[in-house]
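Structure record follows, encoded as structure tokens.
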Amino acid sequence: MKEIIKKKIAVLGSTGSVGTQTLDVIKNHSDAFQPVILAANNNIDLLIRQALEFQPHTVIVANKKKYPQLQQALQHTNISTLAGTEDLIASIESTEIDVVVNAITGYAGLKPTIAAVKSRKKLAIANKESLVVAGEIIMTLADAHNTEILPVDSEHSAIFQCLRGNKHTEVDKIILTASGGPFRKFTAPQLATVTKHDALKHPNWSMGAKITVDSATMMNKGLEMIEAKSLFRSAAKNVQILIHPQSIVHSLVQFRDASILAQLSAPDMRLPVLYALAYPDRIQTNINRLDLLQCGSLTFEKPDLNLFPCLELAFCAAKDGGNMPCALNAANETAVEAFLNDKIKFTEISKITERVMAGTTFIQSPSLTDLDATDRQARILATQYV
Ligand code: NDP
């Protein structure tokens, strides 16, 4: 009988929203995929449960204080346990892996992204912050090492699918859709009083706290525009953002002959995850089918840049380039954390980010060391403004 070769998957950020959905996909397609590495940061109880269920070769906890608990729980198994980002990077480099899923949140995902790209591991990237901060460096390294990068963000997966089989030179523009978040219909005075509980109630998607707040400020769409610019090598001016409250059309590409291609499905992150894991194939799945007769009207509107200044800030950072997207990202991460800890109001997230960008020394072609310094400095500034 012919042996079925399963793809070996590393799931970084396995305890988070994308990470747990990735493991769900792997479980539902256990004939096709097997996890070989699981990595997370703080949620040690869930990481241990995942390790016992999925039996990967290696489990890594980034927060070293949590290591004794991990080691004790898994000492009677064949699973190797490691701790810290250096061990995570060494494991990515030395393990036989078919696809690395980077579902770590924030700037912490950058070094694992670089490690996967440099060691020629196919990278399914959910961690958009890597591409926002260092898109140019990552894409240049991917070219040099011949590493494939597959987007997991549903919008970028949609664009990737629309571009498949088409020439990049024939693209007129990329149209990124946005749900508009929970405050789409709010007025400025209403926005000034929203709480974190309001911001954490996304109308269509269940996601981690940071990206949910980013969706409410629309910074998420700004980050995605910069991500698209890097991934698809497009100028920011050729990326249009449209509000599409139903989250059914995940994004579109318009070509020079005036044709528009789009990708549609019910909103479910397991679909772009499955697409990235199975690529270049499409495999049979029990994910809910979209019933076009039931989904009602599909509508599109222009975003309100006055109400959502984070979007404008992201366009400024993209236009300036260099280390500005890095400063934008670090300021936003710091401000969102402060908002989630009840230290600042919702509307202060954009104000702090704008002040940090204004206080950042511009570097046209930053190295990774420059970006580390920009990230550190922007966080210091943002913390002062909190
Ligand atoms: P979550 O906050 O739910 O999960 C983040 C994960 O990253 C957790 O497993 C966390 O571990 C882990 N983590 C954090 N820091 C480290 C570190 N230093 N080393 C290793 N692991 C770490 O986030 P989401 O799943 O929502 O988002 C993840 C990424 O995917 C983000 O970049 C987001 O923008 C992007 N994305 C998310 C979507 C979604 O639907 N959620 C959709 C599209 C993109 P622990 O829990 O143990 O602390």
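Both ligands and their constituent atoms are indexed starting at 1 by order of listing. Index from 1, following the sequence.
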Quiz item: Out of G19, A39, A103, who gets a non-hydrogen atom closest to atom 6 (C) of ligand 1?
Solution: A103
Quiz item: Taking the minimum heavy-atom distance to atom 46 (O) of ligand 1, which of T15, L38, T20 ranks first?
Solution: T15
Exercise. Return the residue, atom name and 0.1 Å-rounded distance of the protein heavy atom closest to atom 26 (O) of ligand 1.
Key: G208 N, 2.9 Å
Self-check item: Proximal candidate to atom 47 (O) of ligand 1 [heavy atom criterion; set N43, L12, I44]
Solution: N43
Quiz item: Among protein heavy atoms, which sits nearest to atom 4 (O) of ligand 1, and what does the distance come to when rounded to 0.1 Å?
Solution: G16 CA, 3.2 Å
Quiz item: What protein heavy atom sits nearest atom 35 (C) of ligand 1, and how far off is it?
Solution: A126 O, 3.1 Å
Self-check item: Donor-acceptor side-chain pairing of D198 and T195 below 3.5 angstrom
Solution: yes
Quiz prompt | I104, I211, T22, V18: member with heavy atom nearest to atom 29 (C) of ligand 1 | solution = I104
Self-check item: Shortest protein contact, atom 13 (N) of ligand 1 (heavy atom only)
Solution: N41 CB, 3.7 Å
Self-check item: Those residues that, when tested against E301, pass side-chain contact (heavy atoms from CB on, under 4.5 Å) (two or more places apart)
Solution: R184, K185, I243, P245
Quiz item: Taking non-hydrogen atoms only, is K210 closer than 4.0 angstrom to ligand 1 via side chain, backbone, both or neither?
Solution: neither
Practice problem: For ligand 1, indicate whether the residue S17 contacts it via side chain, backbone, both or neither (heavy-atom separation under 4.0 Å). | Solution: both
Quiz item: Any idea which atoms of ligand 1 are less than 4.0 Å away from a heavy-atom of N42?
Solution: 45 (P), 47 (O), 48 (O)
Practice problem: Could you tell me whether the side chains of N43 and T15 share a donor-acceptor contact shorter than 3.5 Å? | Solution: no
Quiz item: Tell me, which protein residue and heavy-atom name are nearest atom 18 (N) of ligand 1, and how many Å apart are they?
Solution: A108 CB, 3.6 Å
Exercise. Under 4.0 Å from a heavy atom of M269: give me the atoms of ligand 1 that qualify, with their elements.
Key: 40 (O), 42 (C), 43 (C)
Quiz item: Which residue supplies the protein heavy atom nearest to atom 12 (C) of ligand 1, what is that atom called, and how far is it?
Solution: G13 CA, 3.8 Å
Practice problem: Using a strict cut-off of 4.0 Å, indicate which atoms of ligand 1 neighbour a heavy atom of A62. | Solution: 17 (C), 18 (N), 19 (N), 20 (C)
Quiz prompt | Polar side chain donor-acceptor pair, T177 to E155, under 3.5 angstrom | solution = no
Quiz item: Nearest protein heavy atom to atom 32 (O) of ligand 1, by residue and atom, and its distance?
Solution: E129 OE1, 2.6 Å
Quiz prompt | Closest protein heavy atom (residue, atom, distance) for atom 43 (C) of ligand 1 | solution = D153 OD1, 2.9 Å
Practice problem: Number the atoms of ligand 1 from 1 as they appear, then name those within less than 4.0 Å of a heavy atom of K128, with their elements. | Solution: 32 (O), 34 (O), 44 (C)
